[in-house]
Amino acid sequence: MIDPKFLRENPDAVRAGIAKKHIKCDLDAILALDEKRRALISEAESLRAKQKAANNDMAQLPKGSPEFIAKVQEMKAVSAEVKAADAELGAIEAEWNESMLNIPNLPDESVPEGRDESENVVVREHGEVPADADYQKAHYDIDWIEQILDLRRGAKVSGAGFPFFVGDGAKLARGLINFFLNEGSDAGFQEIGVPFLVNAESATATGQLPDKEGQMYQTVEDGLYAIPTAEVPLTNFFRDEIIDEADLPIYRCGHSACFRREAGSHGKEVRGLNRVHQFDKVELLKWVKPETSMDELESLREYAESLLVKLGLPFRTLLMCGGDMGFTNCKQYDLEVYAAGQKRWLEVSSCSNFGSFQARRAKIRYRNAETGKPEILHTLNGSGLAVPRVFVAIIENGLQEDGRIRLPDALVPYVGKQFIEKL
RNA sequence: GGAGAGAUGGCAGAGUGGUCGAAUGCGGUGGUCUUGAAAACCAUUGAGCCGAAAGGUUCCGGGGGUUCGAAUCCCUCUCUCUCCGCCA
């Protein structure tokens, strides 16, 4: 949620920010609602002040006295007015609140203009894109792929997009999770095990609701949401809390399965492991002081990049343009790894600064040591990294002329071998 | 799943219809004293919203109700604890 005061005082700046993101949003209606809301608050509060004053007087009157009885009669009318005012205010406030939740975060000045992905800016390229060769194959075209990755049976058991990892494939997937978690810990991100189901409050705080309603799986009996990313439980860890300034910044990481309905996604870009309904990911989280968040975003991006460097995978980093970035962030980098078989770039990490947007929704504050007052902090997160597409890149880039798949050296201790080959 | 108990400020813990945002203790902060520290003593110490400010108002797990008035009474939900059952 953006700062309501900022909106009130700088509606044009907000309008410009929303336009940069190419999102439609009726600000005038929200501003009118806000004005009405504030007028109603004053009205309701002065009525209540009257009631309270009368209440104090009555406390001193003898219970059955004529003055007391007269006062009760008089206050009955005020009581009715207070109830009416509260009801009206409650309705307006709910409407205003819902509208506020539908205003996206505003992009930072440094975010490039642009409508869609074609206007993202490549800010870094690393590693050699492998030269074309006859033996290169998309992972789903390798004839023995079912030995390590069984999509067919996944579809039977759960549905399309729920892969089975088998044998060395399972070891590689788990090896990646362990590699990412260990690297995260070494880099100062405290490891956290997270719940995979969350309640609506949590999903709202991080911005999945109401924006992405329908993209999450939901349980029937309890109305819980299957998390689309560990970002949700990790960020909500400190919901409604005030953190000591001395404890900032806080760095954490956590692995989870991520569940995404991907309603509306079809076509060849979703083949194989490219886009699935359930996948593993290690997520990185930062809680920081506002003035440091842009620097923290750069170091977060550099850390995520360092994982791909260690895995020896060619990648590029994109600074997302206004129109292609998420609803909740003010600046976002995407890391894309090159998959030699499909000859295309696959997004394996998204590193975002949310500014105060999530923290305001989640009421995560820190106590300013100088003023002693609570202030909204800033949150950031980034994938470090998503497993399946890294898995794809390792398979496709590691596939050799002899048909064996050479694993990155960094993973050999995790998988226990250098090559995966047809049995 | 069944039975019972409970949920109050950073923590502990009073308050069971009316000047209660809430006693008291601990903790925190500032001060006095001291060469310094400790102890003792004094003061201070929750959050949100509206307001330029003065000030006002809300919040005693969440929601609803009764009442002129609710931390206090009623309903409901959630969570915690104890016991029983079941179970990875």
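Chain identifiers are assigned alphabetically (A, B, ...) following the order of the sequence lines, protein sequences preceding nucleic acid strands; residue numbering begins at 1 within each chain. Quantities reported herein were computed from a predicted structural model and do not represent experimental measurements.
- Protein atom CD1 of Ile242(A) is 17 Å distant from nucleotide atom P of U45(B), rounded to whole Å.
- The distance from atom CZ of Arg37(A) to atom P of C49(B) is 9 Å, rounded to the nearest whole Å.
- In this model, the phosphate group of G51(B) is not approached by any side-chain N or O of Ser42(A) to a distance below 4.0 Å at OP1 or OP2.
- Base-pair partner of A53(B): not found among the strands shown (Watson-Crick or G-U wobble, both distances under 3.5 Å).
- The aromatic ring centres of Phe279(A) and Phe259(A) sit 6.0 Å or more apart.
- Atom OG of Ser350(A) and atom CG of Asn381(A) lie 8.0 Å apart (nearest 0.5 Å).
- Counting non-hydrogen atoms under 4.0 angstrom, Gln51(A) reaches the backbone sugars and phosphates but no base.
- For the pair Arg38(A) and C49(B), the criterion of a side-chain N or O lying under 4.0 Å from OP1 or OP2 is not met.
- Taking atom CD of residue Glu201(A) and atom P of nucleotide C77(B), one finds them 17 Å apart after rounding to whole Å.
- Residue contacts shown for Lys363(A) are absent, as no nucleic acid heavy atom lies under 4.0 Å away.
- Between Lys52(A) and Gln73(A), the one whose closest nucleotide on RNA chain B sits nearer the 5' end is Lys52(A).
- Remark: P of G10(B) and CD1 of Ile243(A) are 15 Å apart, rounded to the nearest angstrom.
- Of the charged side-chain nitrogens involved, at least one lies within less than 4.0 Å of a carboxylate oxygen, so that Asp150(A) and Arg153(A) count as a salt-bridged pair.
- Backbone-only contact: Lys76(A) has heavy atoms under 4.0 Å from sugar-phosphate atoms and none from a base.
- Residue contacts for Lys50(A): at a heavy-atom cut-off of 4.0 Å it reaches no nucleic acid atom on any strand shown.
- The phosphate of C49(B) (OP1 or OP2) has no side-chain N or O of Arg8(A) nearer than 4.0 angstrom.
- For the salt bridge (charged side-chain N to carboxylate O under 4.0 Å, His left out) with Arg37(A), the qualifying choice from Glu93(A), Glu95(A), Glu43(A), Glu88(A) is Glu93(A), the only one to do so.
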